[in-house]
Amino acid sequence: MSCPAPIAALAPDLLTIRNLRVHFPGQTGEVLAVDGVDLTLRAGEIVGLVGESGSGKSVTAMSILRLVPGARSSGQIALEGRDLIGLGAAEMRALRGDRIGMVFQNPMTSLNPAYTIGNQLIEAVRLHRPLGRGAARKLALTRLAEVGLTDAARVFTSYPHELSGGMRQRAMIAMAMICAPALLIADEPTTALGVTTQAQILHLLDRLRREHGTAILLITHDLAVVAAICDRVAVMYAGSVVEEAPSDDLIDRPRHPYTRALIEAIPSETGDRRRLYSIPGAALMRPDAQACAFAPRCATASERCRAARPPLITSGARGLRCWHPLEVSP
Amino acid sequence: MTEPLLRIKGLVKHYPGRRRLFGPRPAPTRAIDGISFDIHAGETLGLVGESGCGKSTTGRAILQLVRPTAGQVRYRHQDLTALPAAQMRDLRREMQMIFQDPYSSLDPRMRVADLIAEPLDIHGIARGPARREKVAELLDAVGLPASALSRYPHEFSGGQRQRIGIARALALSPKFIVADEAVSALDVSIQAQVINLMQDLQDRLGLTYLFISHNLNVVRHISDRVGVMYLGQLVEIGTSRDVFARPLHPYTRALIDAAPSLNARRRERVILQGEVPKAGVPRGCIFRSRCPEARALCATDRPQPREADGRLVACHNIS
């Protein structure tokens, strides 16, 4: 469906996240939702951020948009060389919807039910571009056609409830892409859709990044979705990135025990009735900061894993946070 | 072959259109539009399809949780659709349901011990020490510690809550269980635990499952046979191995091809165009509006399920 990474590998860094930490105040002390995330996106690249519920993947994405109310964030987030964490609220508002687009799981929560799709698109354009209504309308119709809504004129005059789930998700993507952003953040964009519609939407995202050079940060719980369109993938566990690699490498040759467990827990396509590999226990809400967060559930954990947290070591295109990486056969 | 545990014949569930103040009554919604299949004792029959295809309604109609508009559900020589409510209530002990959302199907004000004992109380089966013993046994069967008994649902993770739901379903020693998207809301690692548990329980207790899910990989893994639904109709049914390895119906092929997969990455997919229409059609093949192989006959005649390559397929182009 998409070409391999080399084109994007030559592109300049678009987004760099360094040591991002996000705390939430809790009833019994602060909860560390994101614990030292490092991530880089290059122009035109699709990077998957994978993890189970509570791993901090959505909080990481929302932190880029600075849409995490009540949280205390530290570290660096730079988009096109500008530091986002120190940016004023007005400057941040100007960036959202212009240089950064957003697509969420449920389009109904993002679209206003009281306005037509057309009016919402026009508003989104004119917030960022000095265009008249006519020119804004033309751009909106272009985008609607681009996202595969063949009857763009009809969708333009429709209210969100008059569209099917797949059409609504396309309309939301059209709105996110209206100003041709440098970065699109897509949080579980296909999770609520049927299988055949999901395939269409993934195909669409892949086409849009080719046509506009938009980089996409795709947040998902589904490694198979990553396999379909992502160039690279970062796996999160308990607030940290534990492994990062080009998607094919990661799926064929996982080096972190958690990554391998995630892959092996997916029922295989040979369909044999073997027992599925399952990870014992569940992720802790507040892991021991002085130890590897995965150690309590890891089959290969040693004293060292319980005594010291492994650092993220990068080598070539891969990054790994583990004291005892799995051997990879050459 | 022995008599199947359940024989579903021509099952129909139509919901009447909502009458407007003026104008004609709209056509009914054909949630299930005449489906027939057997479920054999001890097997797992998977039911797949996209949202709105009628797979959940089928599960509910079999258990008589929604009353079918027409058709029969034969269970051990009795037609459930014709059974008086009191008799159906007794039979329900033998057929239970596991729901998708363990968060909303458990009463948050009840302790786990009472949640699991509730079916026993309703059917007046066990009291006092016998009740306590049975609850402890069920808790153990689903792999929860005894300390769980005095706790409330919110104290558990999603996977543990689903175990509580399974213990409730097992309380009356059922023979047949409808699992409606039972693992869909769970994370992959937890999903694997629950699937393993369901298979262990089946082996140990000789359960029969109707396993409803939109997740093709999960259904392929757990099911002996699988049925594929589209717009209220069963388009193909056969052994899991056959259906997934060599899908015959054009919709089955499109569905399997569209499912993201770790093994077949970045392949050129044939992506099915358009979306599932809102409602079924009274005439012709229901899939014809999206079918790449539709011909004139498909618009006028509804294809009946026919035997082909060891399974049943409803398609004019398969003979």
Side-chain angles (χ1 to χ4, degrees), chain A residues 1-4 50-55 148 150 164-167 190 192-200 202-204 206 220-230 247-248 251-252 258 261-283 297, chain B residues 44 48-53 156-160 185-197 199-200 214-224 226 240-241 244-245 251 254-278 290:
Chain A
M1 196 185 271
S2 61
C3 76
V50 178
E52 300 186 88
S53 350
S55 61
T150 39
S164 71
M167 289 169 89
T190 62
L193 305 174
V195 180
T196 60
T197 316
Q198 166 170 278
Q200 295 170 3
L202 291 177
H203 185 73
L204 168 65
D206 193 43
T220 176
H221 68 282
D222 189 348
L223 268 176
V225 166
V226 164
I229 65 163
C230 293
S247 348
D248 286 348
I251 291 163
D252 293 334
Y258 177 63
L262 266 190
I263 293 168
E264 297 200 342
I266 300 173
S268 84
E269 278 151 49
T270 51
D272 51 348
R273 210 191 131 121
R274 66 175 170 101
R275 282 185 69 80
L276 291 173
Y277 184 82
S278 66
I279 315 174
R297 302 175 74 192
Chain B
T44 299
V48 294
E50 297 181 85
S51 28
C53 71
F156 295 89
S157 67
Q160 290 172 317
L186 306 175
D187 277 323
V188 230
S189 68
I190 308 297
Q191 174 181 297
Q193 293 174 8
V194 174
I195 291 173
N196 286 340
L197 171 67
Q199 290 190 333
D200 291 346
H214 70 281
N215 187 325
L216 295 183
N217 286 337
V218 169
V219 168
R220 175 191 286 206
H221 175 82
I222 201 171
S223 306
D224 303 299
V226 62
S240 256
R241 189 182 296 256
F244 283 103
Y251 178 64
L255 195 66
I256 292 174
D257 207 36
S261 113
L262 286 188
N263 299 17
R265 273 164 254 167
R266 294 158 193 261
R267 58 171 179 220
E268 270 314 313
R269 296 163 196 276
V270 182
I271 298 182
L272 196 59
Q273 298 303 309
E275 290 184 51
V276 184
K278 272 229 163 76
R290 300 174 79 195

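Lettering of chains follows the sequences in order, A, B, ..., and the numbering in each one begins at 1.
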[X] [atom1] to [Y] [atom2] distance, which is reported to the nearest 0.5 Å:
| X | Y | atom1 | atom2 | value |
| --- | --- | --- | --- | --- |
| Ile266(A) | His221(B) | CD1 | NE2 | 12.5 Å |
| Asp222(A) | Asn215(B) | CG | CG | 8.0 Å |
| Leu276(A) | Gln199(B) | CG | CD | 6.5 Å |
| Gln191(B) | His221(A) | CD | NE2 | 8.0 Å |
| Glu264(A) | Leu262(B) | CD | CG | 11.0 Å |

Region of [X] in contact with chain A, defined by heavy-atom distances below 4.5 Å:
| X | result |
| --- | --- |
| Arg241(B) | neither |
| Leu255(B) | both |
| Gln160(B) | neither |

Please name the pair of heavy atoms, one in [X] and one in [Y], separated by the smallest distance, quoted to 0.1 Å.
| X | Y | value |
| --- | --- | --- |
| Ser261(B) | Ala227(A) | O-CB, 3.9 Å |
| Val188(B) | Ala265(A) | O-CB, 3.8 Å |
| Glu50(B) | Thr197(A) | OE1-N, 4.0 Å |
| Asp187(B) | Ser53(A) | OD2-OG, 2.5 Å |

Partner residues of Ser189(B) under the side chain to side chain contact (heavy atoms under 4.5 Å, CB included) criterion, sequence neighbours left out: Glu52(A), Ile279(A), Arg297(A)
Pairwise side-chain contact, Pro267(A) with Arg220(B), heavy-atom cut-off 4.5 Å (strictly under): no
